[in-house]
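Okay, handing you the structure first.
Quick note on labels: first sequence line is chain A, next is B, and so on, each numbered from 1.
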There are 2 protein chains.
Amino acid sequence: MQNSFTEENYLKIIHNLSGREDLEVSTNALAESTATRAASVTDMLRKLADKGLIHYKKYQGVRLTEQGQKVALKVIRKHRLWEVFLVEKLGFGWDEVHDIAEELEHIPSDRLVERLDAFLDHPQFDPHGDPIPDAKGNMPVPDYMKLSDIAMGNKALMMGVLEHTTPFLQHLDRSGLTLGCEIEIKEVNEFDKSALIQINNQRTLFISQEVSKNVLVQRL
Amino acid sequence: MQNSFTEENYLKIIHNLSGREDLEVSTNALAESTATRAASVTDMLRKLADKGLIHYKKYQGVRLTEQGQKVALKVIRKHRLWEVFLVEKLGFGWDEVHDIAEELEHIPSDRLVERLDAFLDHPQFDPHGDPIPDAKGNMPVPDYMKLSDIAMGNKALMMGVLEHTTPFLQHLDRSGLTLGCEIEIKEVNEFDKSALIQINNQRTLFISQEVSKNVLVQRL
DNA sequence: AAAAAAATTTAGGCTAGTCTAAAAATGTAT
DNA sequence: ATACATTTTTAGACTAGCCTAAATTTTTTT
Ligand SMILES: [Mn+2]
Ligand SMILES: [Mn+2]
Ligand SMILES: [Mn+2]
Ligand SMILES: [Mn+2]
């Protein structure tokens, strides 16, 4: 049978919290991410377990089943394809599309997703640098580093972000930090890990660790 | 406050059943169109009336208020714009888009609708020939005739359809009846009102009254 | 190993939207 | 005008998804 809007959101969030290592996800973590209370999460976990979408033993945390993984990846695929559509075709900024995609990701037609994918020329990454699962649910797992983990004197390419909130993305825009830009670490301050960086061999800029911890890069 | 998915569907259906003459809509008619029972409709009508979206007095039928009309037209605008997108940009057939648009019409962002409208070059009509309300809620009311009301010997242009179901639209496709085609009534059979027509001065075709009652035309 | 703290589940309850069955209002036909 | 038929509303109940408060289990500290 069909999964509800709410069930899909739970599966997607379990997937995200579970990470590439497929860690167990706690009831409280889910309550926080879904903006509900732990008691409500427990109810939903029982339901998802009954449907065979998660492995769940009381007090033990949850993990997605094969089938739950498939559903989650499909929702993520739709979310990221719609984000590409909104940015590439409708001209939205990367800071404006998350909430809209949060709704569009639940539109159910498979034909729609596949035609949208073709219309967008089968994009590999969404506007935030996140990889887009293919129709079979395969998703490449690029292993980027956090900008905060790059040592002084090194260069790196900006490949993604860990935060998707509007204020953070707008802050990056104002700083001139966009996907693909080249960043050189000129100085790192010991006491607060703030850094002086140079972008595309041009202007230099101070950034806090708050920022550098949420920017994903590939070392050059 | 925000209107729910369900409330929006009720308002849209009331609008459609109410027609250009703004007739009262009965509880039973709504039950049929929403595929629910009359008792459920009564509950919803009380709620919509409380929100000021409909005029409702017990046992008297309903009509939209100014405000309800606005909401309904916005939903219809979104529905029809998404249908244009699906056909023009994604290559769907006109017989495949109704159900998908039925979901997309409830995505709430105003910015999204206006950007979509611009992306599509501000279309005036949807793939079924229905007019698209503008951002202010103005909708032209073209007064087409039913093909069944055109007399023998006359010619007309096909401008729209009254049925939007997949089987009906596919039947039109197979018959070569598409929006914009020229139709000449060659013969009308007295006993069952079936007709012999000629399309674009080329092939001739027999159609039942079932079909001709659901095709909208403009007399030439 | 017992006590305290934290996490989780259970119990009971709420709203939106639906249902069936019964009651009331309206409309129609003698 | 009265009776019958139809339409609509009310009454009471159900599910999904959420809540608070209390009970239980697990984890951490002493
Ligand atoms: Mn979502
Ligand atoms: Mn994204
Ligand atoms: Mn709808
Ligand atoms: Mn249409």
Side-chain angles (χ1 to χ4, degrees), chain A residues 1-15 17-19 23-64 68 71-72 75 102-103 105-108, chain B residues 1-15 17-19 23-64 68 71-72 75 102-103 105-108:
Chain A
M1 99 220 39
Q2 271 285 89
N3 302 305
S4 73
F5 187 105
T6 307
E7 287 166 344
E8 287 189 349
N9 278 337
Y10 270 85
L11 294 172
K12 191 181 61 161
I13 290 169
I14 292 168
H15 175 95
L17 294 177
S18 197
L23 304 170
E24 311 244 296
V25 178
S26 76
T27 299
N28 268 356
L30 282 169
E32 162 131 34
S33 287
T34 55
T36 63
R37 299 318 184 96
S40 311
V41 172
T42 300
D43 284 347
M44 181 57 78
L45 294 184
R46 225 176 39 69
K47 182 151 56 125
L48 292 174
D50 287 349
K51 288 179 103 176
L53 296 166
I54 59 173
H55 296 292
Y56 171 55
K57 276 196 275 329
K58 278 198 222 175
Y59 296 99
Q60 303 294 124
V62 290
R63 289 210 322 274
L64 294 176
V71 175
V75 177
E102 206 58 46
E103 312 266 341
E105 72 189 0
H106 304 291
I107 304 286
Chain B
M1 98 220 39
Q2 271 285 88
N3 303 305
S4 73
F5 187 106
T6 307
E7 288 166 344
E8 287 189 349
N9 278 338
Y10 270 86
L11 294 172
K12 192 182 62 161
I13 290 170
I14 292 167
H15 175 96
L17 294 177
S18 197
L23 304 170
E24 312 243 296
V25 178
S26 75
T27 299
N28 268 355
L30 282 168
E32 162 131 33
S33 287
T34 55
T36 61
R37 299 319 185 95
S40 311
V41 172
T42 300
D43 284 347
M44 181 56 78
L45 295 184
R46 224 176 39 68
K47 183 154 52 128
L48 292 173
D50 288 348
K51 289 179 104 176
L53 296 166
I54 59 173
H55 296 294
Y56 171 56
K57 275 198 276 326
K58 278 199 224 174
Y59 297 98
Q60 303 295 124
V62 290
R63 289 211 321 274
L64 295 175
V71 175
V75 176
E102 206 59 46
E103 312 268 340
E105 71 189 0
H106 304 291
I107 305 286

Short side-chain N/O contact to D:dA16 OP1/OP2 from A:Ser4, under 4.0 Å: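 No, outside the criterion.
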
Separation of A:Ile107 CD1 from B:His106 NE2 (nearest 0.5 Å):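 Answer rounded to 0.5 Å: 9.0 Å.
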
Side-chain N,O (A:Asn28) to OP1/OP2 (C:dT8) below 4.0 Å: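 Yes, A:Asn28 has a side-chain N/O under 4.0 Å of OP1/OP2 on C:dT8.
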
Positions of residues 36-44 of chain A (non-hydrogen atom under 4.0 Å from DNA chain D), listed by number: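 Hits under 4.0 Å, by residue number: A:Thr36, A:Arg37, A:Ala39, A:Ser40, A:Asp43, A:Met44.
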
Atom pair distance, as rounded to whole Å: CG in A:Asp50 and P in D:dA16: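 Result: 11 Å.
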
CD1 on A:Ile13 to OG on A:Ser18, rounded to 0.5 Å: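 With rounding to 0.5 Å, OG (A:Ser18) is 13.0 Å from CD1 (A:Ile13).
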
Salt bridge flag under 4.0 Å for residues B:Lys12 and B:Glu102: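 B:Glu102 and B:Lys12: salt-bridged.
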
C:dA16 phosphate, OP1 or OP2, under 4.0 Å from B:Thr6 side-chain N/O: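 Negative; the distance criterion is not met.
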
Residue-phosphate contact under 4.0 Å: A:Tyr56 side-chain N/O, C:dT8 OP1/OP2: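 For A:Tyr56, the contact criterion (side-chain N or O under 4.0 Å from OP1 or OP2 of C:dT8) is not met.
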
B:Leu48, B:Asp50, B:Thr42 screened by side chain to side chain contact (heavy atoms under 4.5 Å, CB included) with B:Tyr56, the one that passes: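 Of the listed residues B:Leu48, B:Asp50, B:Thr42, the side chain to side chain contact (heavy atoms under 4.5 Å, CB included) partner of B:Tyr56 is B:Thr42.
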
Whole-Å distance separating the OH atom of A:Tyr10 from the P atom of D:dA16: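 Distance, rounded to whole Å: 14 Å.
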
Separation of D:dT9 C1' from B:Leu45 CG (nearest whole Å):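 After rounding, the gap between these two atoms is 11 Å.
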
Distance, rounded to the nearest Å, where B:Leu48 contributes CG and C:dA16 contributes C1':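 From B:Leu48 CG to C:dA16 C1': 12 Å.
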
Heavy-atom check, side chain of A:Leu45 versus side chain of A:Leu30, under 4.5 Å: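 SC-SC contact between A:Leu45 and A:Leu30 confirmed.
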
From CD1 (A:Ile54) to OH (A:Tyr10), nearest 0.5 Å: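 Spacing of CD1 (A:Ile54) from OH (A:Tyr10) equals 10.0 Å.
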
For atom CD of B:Glu32 and atom C1' of C:dT18, their distance in whole Å: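 Distance, rounded to whole Å: 18 Å.
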
Distance test, side-chain N/O of B:Lys58 to OP1/OP2 of C:dT26, below 4.0 Å: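 Answer is no, no contact under 4.0 Å.
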
Nearest-Å distance for atom pair CZ/P, residues B:Phe5 and C:dT18: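 To the nearest whole Å, that distance equals 10 Å.
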
Value in whole Å for how far the P atom of D:dT15 lies from CD of A:Gln2: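 The answer, rounded to whole Å, is 21 Å.
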
Length of the CG-C1' vector between B:Asn3 and C:dA16, whole Å: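 Going from CG in B:Asn3 over to C1' in C:dA16 covers 14 Å.
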
Heavy-atom check, side chain of A:Lys51 versus side chain of A:Asn3, under 4.5 Å: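 They are in side-chain contact.
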
